[in-house]
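From a predicted model like this one, the values you see are computed outputs, not experimental measurements.
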Amino acid sequence: MLKQVRVRFAPSPTGPLHIGGVRTALFNYLFAKKNNGVFYLRIEDTDQNRFVSGAEAYIVEALEWLGIAPSETVGKNEKFGPYRQSERKEIYKQYADQLINSGWAYYAFDTAEALDLHRKQHEADGKTFIYNWHNREKLDTSLVISKEETDKRISAGEDYVIRFKTPVNETLHLQDIIRGDIKFETNLLDDKVLFKSDGMPTYHLANIVDDHLMETSHVIRGEEWLPSMPLHSLLYKAFGWEAPEFAHLPLILKPVGNGKLSKRDGDKMGFPVFPLEWKTEGGISSGYREKGFFPEAVVNFLALLGWNDGTEQEIFTLEELCEKFDLNRVHKAGAKFDPEKNKWFNHHYLQEQSDESLTKAFAPILVEKGIATSLDVLKIVSLIKERANFVSEFWELSDYFFVAPTSYDEKASKNWKEETPNLMQQLISVLENIGDFNSINIETIVKDWMNKNEIGMGKVMQPFRLSLVGALKGPHLFDIIEVIGKEETIKRLEKAIASL
């Protein structure tokens, strides 16, 4: 019988969730949905020194906002709970002891000072100190002292760690879904610490034990975890457990230059690298939600960072992504982060929103600007939205609807010629006599007047727009006129005649 697909996102609550972490969560979610599996969230908080208050709630809120909430997590369908590692710490000691008893691990009593001295001596000789097969029997370990002596020192409360005993002279051939066959030489690996004397496991032990106990079928994680793959595979072997399948995702790279996109890059370059805003005493780091991105846009552009479906398609709903996602189509090479492309995605999803929901989103901006209006804001939104990437741009694109221009674009003012005031005065007379003041009717009557009098389009339309808007910008002119109404249109023309 095929094992059920169970995948996890296992962040540490040490701060806000970086966009790279979000992409990892998304790929796990898509893989689970594609394979009718389970996507669960485990909080890896064994490093209490780095724990940041509020980070766990932030992670949960971010996944919910993006529409990729886990099926199981803290307080939700806890089939394999607890889902916080700090609440599982009683579990890990027995597994560390199991490795000691089977000869796959040993106690090490070296003090921090002693290890520091070894490092300095190696540096002086131009070497790098690695704690592994070639020196573990020369150091202060249970491999060289008797069991009685070891037990006595532990009973006396002496500090120790439990280290993994990496096999000697082995070549590991490990399979990665994305990278294929990867080779590791065990002699180049260090004997990692698995358990500390404070009763807490390190990431490596807790991660393996939890993945096994929570029946994880696939470990889909960032490329930065590749160096841990040999240790993790050896731990499965040491316990006699079946290892999950591994897939290491490519890095998300900086938009310019080389290297991985870091948490600091966003604020430095002016775009968010966090899904939600994060506040600290040191300031505020911007978030995609607060910057006005739609969750659908964030999911869409993240999905295409390192994956495609083999076609030219760029716009995908979450449902389509779940249907089409395939780990075999994830690239090995890093994916460059493109903030401009992100805006392009958001522009697309903004156009997909209903005018009603966009009008609702625009309302607080009008309140903030002190605008109380009887104008048809829904209509205004429908006219300007195609020029916007974000709702926050609506005011700049529509301010002239609500407030008559107080100044006129200098460059555009060159269209105001000697005969213009006379033409605008004639135009006012034409407008005053229009009964049904709707866009199509106004346009028909004004253009008839120009044709009858053989007046060139440019002579009227550009000064007309300048009078109403203050610049040569905005949607279809007659739509603007319909919205602001006859009285306001004439008032603005009269003001332009007097000012220009």
Side-chain angles (χ1 to χ4, degrees), residues 343-344 347-348 350-351 355 358-359 362 366 369 371 373-391 393-500:
K343 288 181 193 169
W344 177 86
H347 175 84
H348 170 84
L350 187 143
Q351 309 313 313
D355 291 346
L358 292 174
T359 302
F362 186 31
L366 292 176
K369 298 282 179 190
I371 302 294
T373 182
S374 57
L375 297 184
D376 185 347
V377 180
L378 187 78
K379 173 81 173 164
I380 294 170
V381 165
S382 75
L383 294 174
I384 56 140
K385 71 173 190 178
E386 68 180 55
R387 291 170 175 79
N389 294 322
F390 302 98
V391 172
E393 295 168 353
F394 281 9
W395 173 252
E396 205 184 314
L397 290 166
S398 69
D399 56 353
Y400 53 84
F401 280 100
F402 306 99
V403 181
T406 51
S407 61
Y408 302 92
D409 180 77
E410 212 176 303
K411 207 172 161 191
S413 299
K414 287 172 183 163
N415 292 293
W416 196 272
K417 305 280 194 255
E418 207 176 309
E419 74 271 22
T420 305
N422 180 33
L423 285 171
M424 293 301 106
Q425 206 61 61
Q426 287 179 48
L427 177 59
I428 289 171
S429 304
V430 173
L431 295 169
E432 279 173 335
N433 291 314
I434 298 173
D436 186 1
F437 212 72
N438 71 69
S439 178
I440 295 169
N441 197 37
I442 305 161
E443 183 169 6
T444 306
I445 292 168
V446 169
K447 285 185 174 172
D448 280 353
W449 162 69
M450 287 193 288
N451 289 334
K452 270 182 201 155
N453 293 282
E454 295 179 352
I455 305 166
M457 191 79 88
K459 285 184 177 178
V460 171
M461 298 309 283
Q462 287 181 329
F464 194 4
R465 184 177 287 276
L466 184 64
S467 305
L468 302 189
V469 177
L472 300 182
K473 64 173 191 181
H476 187 55
L477 184 60
F478 295 98
D479 288 342
I480 298 175
I481 295 163
E482 181 187 325
V483 171
I484 64 173
K486 186 192 285 191
E487 196 184 320
E488 180 65 19
T489 301
I490 291 168
K491 208 158 105 186
R492 292 188 188 189
L493 279 168
E494 286 170 342
K495 188 184 172 193
I497 293 167
S499 308
L500 287 158

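- Looking at Lys417, its side chain does come within 3.5 Å of a backbone N or O of Lys414 through a donor-acceptor pair.
- The backbone N or O of Asn389 sits less than 3.5 Å from a side-chain atom of Glu393, completing a donor-acceptor pair.
- Judged purely by distance below 3.5 Å, without hydrogens or angles, the side chains of Glu443 and His476 pair a donor atom with an acceptor atom.
- Lys486 contributes a side-chain N or O that, together with a main-chain N or O of Ile434, makes up a donor-acceptor pair within less than 3.5 Å.
- Judged purely by atom type and a 3.5 angstrom limit, Gln351 uses its side chain to pair as donor or acceptor with the backbone of His347.
- Side chain of Asn441 to main chain of Asp436: a donor-acceptor pair is present (N/O by atom type, distance under 3.5 Å, no hydrogens or angles).
- Within a 6.0 Å sphere centred on CD of Glu386, heavy atoms belonging to other residues, nucleotides or ligands number 12 at most.
- Below 30°, between 30° and 60°, or above 60°: for Phe402 and Trp395 the angle between ring planes is below 30°, a parallel geometry.
- Using a 4.5 Å heavy-atom threshold, the side chains of Gln462 and Leu466 count as separate.
- Ile497 has its side chain within reach of Ile428: a pair of non-hydrogen atoms, C-beta onward, lies under 4.5 Å apart.
- Lys495 places a side-chain N or O within 3.5 Å of a backbone atom of Pro405 that can act as its donor or acceptor partner.
- A donor-acceptor pair is defined here as one N or O able to donate and one able to accept, closer than 3.5 Å; no such pair exists between the side chain of Asp479 and the backbone of Pro475.
- Of the possible polar contacts, one joining the Glu482 side chain to the Ser439 backbone as a donor-acceptor pair under 3.5 Å is found.
- The backbone N or O of Gly474 sits less than 3.5 Å from a side-chain atom of Arg387, completing a donor-acceptor pair.
- Within a 6.0 Å radius of CD in Glu432, more than 12 heavy atoms belonging to other residues, nucleotides or ligands are found.
- Under the 4.5 Å side-chain criterion, counting only non-hydrogen atoms from C-beta, Leu350 is in contact with Phe394.
- Side-chain N or O atoms of Asn453 include none that pairs as donor or acceptor with a backbone N or O of Ile455 at under 3.5 Å.
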